[in-house]
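Below is one structure, written out as structure tokens; the observations come after it.
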Amino acid sequence: MTAPWAAGDDPQVYSVARSADVVQIRQVIRALAQQCRLSLVDQTKMITAASELARNTLTYGGGGTVSAGVVSDASKRGVAAVFEDSGPGIADVDQAMTDGWTSGGGLGLGLSGARRLVDDFRLHTVPGEGTTVTIIKWAR
Ligand SMILES: Nc1ncnc2c1ncn2[C@@H]1O[C@H](COP(=O)(O)OP(=O)(O)OP(=O)(O)O)[C@@H](O)[C@H]1O
Ligand SMILES: [Mg+2]
């Protein structure tokens with residue numbers, strides 16, 4: 001799985017081991033989104049998506065890491081975040097991405113909602129090895 005980072009990017013890595021880490025990740029994403037001049041609505045969308053994915057990393061992945069930072073291409077800047085765990089992985093990705101499907105007591109809207117809230121969403125998972133989700137929100 002290709003990371004979103006290019007030479008010169010400076011992503012920071014955060015541990016996701018407890019609920020308080022999810023709060024910290026929200027703050028980190030907010031600061032990056034403001035730095036990139038995302039609109040208030042887009043800031044909220046990126047923060048919400050990151051929050052859902054960090055919660056999944058914690059709940060289902062047994063904890064992991066988030067790498068977060070600013071990315072750029074020829075014409076624009078954005079915020080990228082990569083959520084990684086070494087948990088059980090997801091056996092059926094289509095099912096997991098379906099609105100309302102949950103293996104636990106959730107609403108089943110975290111993954112599907114996160115995908116709708118961001119510009120770029122990539123999920124890579126290997127059963128028995130873990131899950132990596134990469135999201136990007138570009139400033140417009
Ligand atoms: N990192 C992960 N590792 C393993 N399984 C995962 C991971 N993330 C999601 N899943 C699986 O995908 C399902 C759907 O995830 P999703 O976030 O959409 O819903 P949820 O967490 O069950 O409920 P909600 O997020 O709405 O409270 C989960 O119930 C879980 O089975
Ligand atoms: Mg969830």
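As the structure lists them, so they are numbered: ligands from 1, and atoms in each ligand from 1.
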Of all the heavy-atom pairs spanning Thr131 and Gly89, show the shortest one and how long it is. OG1-CA, 3.5 Å

Identify, by atom number and element, the atoms of ligand 1 in contact range of Glu52, meaning under 4.0 Å from any of its heavy atoms. 25 (O)

the protein heavy atom lying closest to atom 9 (C) of ligand 1 turns out to be Asn56 ND2, 3.7 Å

Less than 4.0 Å between a side-chain N and a carboxylate O, is that true for Asp99 and Arg116? yes

Which protein heavy atom lies closest to atom 22 (O) of ligand 1, and at what distance to 0.1 Å? Thr102 OG1, 2.5 Å

Shortest protein contact, atom 13 (C) of ligand 1 (heavy atom only): Trp101 CZ3, 3.8 Å

Give the contacting part of Thr59 toward ligand 1: side chain, backbone, both or neither, where contact means a heavy-atom distance below 4.0 Å. neither

Protein N/O/S atoms closer than 2.8 Å to the Mg ion (ligand 2) number 1

Please check: side-chain N/O of Arg115 versus main-chain N/O of Ile135, any donor-acceptor pairing under 3.5 Å? no

Numbering as shown, the atoms of ligand 1 that approach Gly110 to under 4.0 Å (heavy-atom distance): 16 (P), 17 (O), 18 (O), 19 (O), 24 (P), 25 (O), 26 (O)

Modelled atom types, side-chain donor and acceptor of Thr44 and Arg30, under 3.5 Å: no

Could you list the residues that satisfy salt bridge (Lys or Arg N to Asp or Glu O under 4.0 Å) with Asp9, not counting sequence neighbours? none

Who's the nearest protein heavy-atom neighbour of atom 2 (C) of ligand 1, and how far? Tyr60 CB, 3.7 Å

Side-chain polar contacts of residues 64-83 - donor-acceptor pairs under 3.5 angstrom, sequence neighbours left out - could you list them?
{"from": "Asp73", "atom 1": "OD1", "to": "Ser75", "atom 2": "N", "distance (Å)": "2.9"}
{"from": "Asp73", "atom 1": "OD1", "to": "Lys76", "atom 2": "N", "distance (Å)": "2.9"}
{"from": "Asp73", "atom 1": "OD2", "to": "Lys76", "atom 2": "NZ", "distance (Å)": "2.7"}
{"from": "Arg77", "atom 1": "NH2", "to": "Gln35", "atom 2": "O", "distance (Å)": "3.1"}

For atom 26 (O) of ligand 1, what's the nearest protein heavy-atom neighbour? Residue, atom name and distance, please. Leu109 N, 2.8 Å

With no hydrogens and no angle check, is any side-chain donor or acceptor of Asp21 less than 3.5 Å from a backbone partner on Ala17? yes

Which residue holds the protein heavy atom closest to atom 27 (O) of ligand 1, what is that atom called, and what is the gap in Å? Leu107 N, 3.4 Å

With heavy atoms under 4.0 Å as the rule, classify the contact between Arg55 and ligand 1 as side chain, backbone, both or neither. neither

Side-chain heavy atoms of Met46 within contact of Val118, under 4.5 Å: yes

Given that the side chain starts at C-beta and the backbone is N, CA, C, O, which of these parts of Leu111 lies under 4.0 Å from ligand 1, counting heavy atoms, or is it both or neither? both

Does Lys137 come within less than 4.0 Å of Asp120, counting only side-chain N to carboxylate O? no

I need the nearest protein heavy-atom contact for atom 31 (O) of ligand 1: residue, atom name and distance, please. Ser103 OG, 2.5 Å

Between the main-chain N or O of Pro4 and the side-chain N or O of Thr134, is there a donor-acceptor pair closer than 3.5 Å? no

Which residue and non-hydrogen atom of the protein lie closest to atom 23 (O) of ligand 1, and at what distance in Å? Gly108 N, 3.0 Å

Mind listing the closest non-hydrogen atom pair of Arg140 and Asp119 along with its distance? NH2-OD1, 3.0 Å

Below 4.0 Å from any atom of ligand 1, is there a heavy atom belonging to Gly89? yes

Residues two or more places apart in sequence or in another chain: which of them pass salt bridge (Lys or Arg N to Asp or Glu O under 4.0 Å) with Asp10? none

Would one find an N or O of Ser112, backbone or side chain, under 3.5 Å from an N or O of ligand 1? no

Leu111: which of Leu123, Thr98, Val93, Thr102 passes side chain to side chain contact (heavy atoms under 4.5 Å, CB included): Leu123

